[in-house]
Amino acid sequence: MKYSKSLIPTLREDPADAECVSHKLMLRAGLIRQVTRGSYDYLPLGLRVIRKVEKIVREEMDAAGCQEVLLPIVIPAELWQESGRWERYGKELLRVKDRSNRDFCIGPTHEEVITDLVRREIKSYRDLPKNLYQINTKYRDEVRPRFGLMRGREFIMKDGYSFHTSVEDLDRHYEVMKNAYLKIFQRCGLDARAVEADTGSIGGYSSHELVVLADTGESIIATCGKCDYTASAEIAASARPSAKKSKASSTVKEVHTPSLKTVEEVASYLKVEPSQMIKTLIYLTDKGLIVALIAGNLELNEVKLTNATGAAFLTMADEAAVKKLTGAEVGFAGPVSLPAEVQGIGKVRIIADISIEGISNAVTGANKTDYHLTGVCDARDFKAEKYIDLSSVKKGDVCPKCGKGKLDIVRGIEVGQVFKLGTKYSEALKAVFLDENGKEKPMIMGTYGIGIGRTAAAAIEQNNDENGIIWPLPLAPFHVELISVGEDSKVSETAEKIYAELMKNGIEVLFDDRAGRPGVKFADADLIGIPYQAIIGKKAIEQGKIEFKIRKTGERKMVGAKDIIDLINKELH
RNA sequence: CGGGGCGUAGCUCAGCCUGGCUAGAGCGCUUGGUUUGGGACCAAGAUGUCGUAGGUUCAAAUCCUAUCGCCCCGACCA
């Protein structure tokens with residue numbers, strides 16, 4: 001490709017509305033342009049990168065025995081109504097109407113469509129298992145798109161769905177897919193790892209996120225320094241001793257604590273450790289009020305609480321609800337003598353972290369403004385519905401898996417996710433098969449996704465310097481950039497000749513044939529980040545030499561014009 | 001949805017507080033010339049519904065109101 005014929009609008013300065021490195025560099029290197037919030041044009045260079053990622057994904061999926069299909073982007077509402085998600089999915093689902101006023105949505109994910117296809121075409125255990133995938137544009141009307149291709153509203157995603165006759169078969173296949181995913185990211189030159197994750201609103205019973213470690217990532221991950229434990233902070237556990245089960249000998253006393261609301265204020269006023277305080281948090285859910293209890297030195301993890309309650313949604317109770325429940329201002333709630341139900345809101349459930357189980361002589365709110373209780377004991381003075389892990393992991397917590405290592409908290413970019421779905425969609429959409437005994441059963445499903453654009457963005461996050469992008473070879477839009485320096489006719493003749501040679505040898509080459517000054521061409525070349533540069537200058541050419549530069553290391557060497565093809569071929573393999 | 005910020009040339013931004021003649025700079029772009037191995041120089045030039053609508057005023061990029069768009073933080077999120 002000749003630079004002069006392409007469209008590579010590089011920018012000298014950082015665009016004002018880009019925040020993270022990959023977004024800035026994608027704009028500056030002329031890979032993408034924003035059309036509207038969360039939607040982008042893919043320019044020639046950007047599209048080539050996208051195609052590279054897709055190619056690697058296709059090769060690995062096909063190698064794992066998956067079949068590529070292509071499903072519609074505009075989906076009839078009926079399918080989503082059948083699964084129940086038309087009502088439940090919320091505003092993220094972009095809904096449109098056709099000319100006859102029929103409802104459709106722009107597909108944010110394709111469980112319904114694929115399950116509909118499979119239920120119509122597959123009837124027998126003999127035809128299972130199957131894994132069907134597509135690479136397609138998706139649309140999610142995100143509340144807050146950001147960071148360029150990292151979180152767009154319109155984005156390219158590979159999504160795959162597998163159908164099995166048994167959970168065991170799904171389990172086996174799940175491992176195959178997880179490993180295929182790890183291989184894909186490895187081939188993309190990315191350091192990715194599989195992280196245990198929450199299944200979120202998609203449902204299912206087991207999930208891993210495929211995460212590329214990066215400080216700018218939106219996912220927070222706990223990892224063990226000693227063993228291979230890696231989990232999303234949303235679900236990560238830590239090994240914790242349960243509260244000492246001393247006898248309940250203390251007596252409950254009310255103490256005056258004027259305007260002391262926070263754990264720290266009360267603990268220091270009463271001279272007790274925060275771990276002896278019972279932090280009482282009140283949540284509103286679709287199933288009534290939840291009172292969550294946790295030791296004062298720990299942070300509550302809302303994902304864990306949501307999972308523990310089985311609630312569809314959960315928000316912190318507002319001031320009015322807290323007053324109704326406790327009869328006190330916010331800041332003085334406690335588990336002792338709470339009503340079992342609040343008029344107009346619903347039932348009250350108490351759920352406690354394991355740090356509360358067996359706690360004695362504890363301090364907590366008195367449900368009376370400006371008062372706390374001391375000497376409170378679990379089981380005697382209050383009782384929780386259950387005692388489970390509700391705490392957020394912290395750096396330095398003990399690993400729950402090996403019990404030895406300390407947990408570290410790191411950030412990462414989620415580039416893929418795999419789920420064991422089970423029968424959620426096959427039951428809703430009646431995707432059933434006949435087993436060996438002629439018995440009808442719902443198919444067992446798995447689902448597997450990769451954000452294509454996000455993977456490209458993650459590659460830039462991990463590979464850049466002050467001059468621009470440094471593409472890993474497998475994702476690079478071109479293998480080599482050929483740069484002619486100066487207007488000399490010998491130079492341009494030689495460059496043309498080498499350009500033709502490179503192409504003849506199947507090497508992907510971008511030929512900067514522009515008439516610009518050398519400095520401009522070098523700066524653009526470094527910004528665009530093609531791994532190798534072949535530079536043709538007047539002086540060198542007189543000695544039959546060409547300069548070869550490696551973008552990543554800055555290393556340069558002079559090679560004979562005839563040897564450049566061999567050298568590049570060697571570097572490519 | 002809550003909080004904050006921004007919208008002036010292709011890009012980055014100044015001007016606005018304290019209204020005043022013809023709206024500016026740098027970069028980019030066009031033409032000519034000199035240059036040519038790390039974002040050159042000289043000269044000449046083109047480019048704007050000052051986001052949009054309404055209002056106040058003799059006079060609005062500037063003040064007021066509404067509205068749209070974009071960015072950030074939070075809530076949210078296969």
Side-chain angles (χ1 to χ4, degrees), chain A residues 9-20 23-24 27-28 30 33-39 85 88-93 107-112 138-148 150-153 155 157-161 197-204 207-210 218-219 232 234 302-303 306 313-316 318 414-421 424-425 446-451 454 466-468 483-488 491-492 512 514-527 533 535-541 545-547 549 554 556 558:
Chain A
T10 56
L11 300 172
R12 193 181 285 230
E13 288 167 276
D14 278 340
D17 48 11
E19 187 71 9
C20 73
H23 189 194
K24 280 183 191 166
L27 289 166
R28 281 193 56 205
R33 284 292 183 266
Q34 178 165 313
V35 176
T36 183
R37 174 166 213 254
S39 303
R85 286 208 290 187
R88 258 183 286 131
Y89 208 84
K91 284 194 179 171
E92 218 173 281
L93 186 65
T109 173
H110 278 74
E111 282 81 8
E112 285 83 356
K138 299 268 190 267
Y139 198 94
R140 290 184 194 168
D141 197 354
E142 290 276 355
V143 206
R144 187 142 109 80
R146 63 188 118 171
F147 303 150
M150 206 78 97
R151 179 177 290 268
R153 292 198 290 181
F155 59 101
M157 173 167 135
K158 174 264 159 178
D159 53 323
Y161 308 88
D198 185 52
T199 50
S201 67
I202 224 196
S207 172
H208 284 82
E209 289 177 358
L210 283 294
E218 293 181 275
S219 303
S232 159
E234 288 181 344
E302 293 189 0
V303 173
T306 308
F313 77 90
L314 180 144
T315 54
M316 273 287 226
D318 53 34
E414 182 195 337
V415 285
Q417 190 159 15
V418 292
F419 283 92
K420 292 180 190 174
L421 270 181
K424 179 172 170 179
Y425 294 92
T447 174
Y448 318 91
I450 292 179
R454 195 183 274 189
E466 65 281 3
N467 294 320
I483 302 168
S484 65
V485 170
E487 300 289 278
D488 189 79
V491 166
S492 51
D512 190 347
R514 294 175 301 170
R517 297 179 62 80
V520 174
K521 294 172 124 186
F522 292 143
D524 276 341
D526 286 349
L527 175 61
Q533 297 172 13
I535 303 159
I536 308 202
K538 193 175 172 192
K539 271 187 206 144
I541 218 68
K545 299 276 187 189
I546 289 172
E547 185 178 336
K549 179 184 161 188
R556 301 154 188 270
M558 302 302 291

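Because the structure is a prediction, the values reported are computed rather than measured. Basis for what follows: all heavy atoms, side chains included, without hydrogens, waters or symmetry-related copies. So you know, we letter chains A, B, ... as the sequences are listed, proteins then strands, and number each from 1.
When Watson-Crick and G-U wobble pairs are counted only if both distances are under 3.5 Å, B:G69 pairs with B:C6. With a cut-off of 3.5 Å on both pairing distances, B:C21 has no Watson-Crick or G-U wobble partner at all. Using N1 to N3 plus N6-O4 or O6-N4 for Watson-Crick, or N1-O2 and O6-N3 for G-U wobble, each under 3.5 Å, B:G37 pairs with nothing.
Heavy atoms of A:Arg153 sit nowhere under 4.0 angstrom from any nucleic acid atom. In this structure, A:Ala16 reaches the sugar-phosphate backbone alone: every heavy-atom distance under 4.0 Å involves primed, P, OP1 or OP2 atoms, never a base. Residue A:Asp488 is out of contact with every strand shown, counting any heavy-atom pair closer than 4.0 Å. Counting non-hydrogen atoms under 4.0 angstrom, A:Arg33 reaches nothing in the nucleic acid. Within 4.0 Å of A:Glu487, counting heavy atoms only, lies at least one base atom of the nucleic acid. Within the 4.0 angstrom heavy-atom criterion, no nucleotide atom of any strand lies near A:Pro108. If you check every strand for non-hydrogen atoms under 4.0 Å, A:Asp159 touches nothing. Within the 4.0 angstrom heavy-atom criterion, base atoms lie near A:Arg517. Residue contacts shown for A:Glu92 are limited to sugar-phosphate atoms, with no base heavy atom under 4.0 Å away. Using a 4.0 Å heavy-atom cutoff across all strands shown, A:Ser207 reaches no nucleic acid atom at all.
Considering CE of A:Met150 and CD of A:Glu414, their distance stands at 12.0 Å, rounded to 0.5 Å. Here A:Lys24 contributes atom NZ and A:Glu19 contributes atom CD; the two are 6.5 Å apart, rounded to the nearest 0.5 Å.
B:A14 and B:A9 have their C1' atoms separated by 13 Å, given to the nearest Å. A distance of about 14 Å separates the C1' atoms of B:A61 and B:C17, rounded to the whole Å. For B:G28 and B:G51, the C1' atoms lie 23 Å apart once the distance is rounded to whole Å. Nucleotides B:U65 and B:G2 are separated by 23 Å at their C1' atoms, to the nearest Å. For the C1' atoms, the distance linking B:A59 with B:A23 amounts to 16 Å, nearest Å. For the P atoms, the distance from B:A75 to B:G39 is 45 Å, rounded to whole Å.
For A:Asp17 and A:Arg37, the salt-bridge test fails: no basic side-chain N is under 4.0 Å from an acidic carboxylate O. With respect to the salt-bridge test (charged N to carboxylate O, under 4.0 angstrom), the residues A:Glu111 and A:Arg85 qualify.
One cannot find a donor-acceptor pair under 3.5 Å joining the base of B:G10 and the side-chain atoms of A:Arg12. In the interface, the side chain of A:Arg151 is paired with the base of B:C77 through a donor and an acceptor atom under 3.5 Å apart.
When distances are taken from the side chain of A:Val143 to each of B:G37, B:C76, B:C11, the shortest belongs to B:C76. In this structure, the nucleotide among B:C70, B:C11, B:C73 sitting nearest to the side chain of A:Arg144 is B:C73.
Annotation: side chain of A:Asp159 is in contact with side chain of A:Lys138 (closest heavy-atom distance under 4.5 Å).
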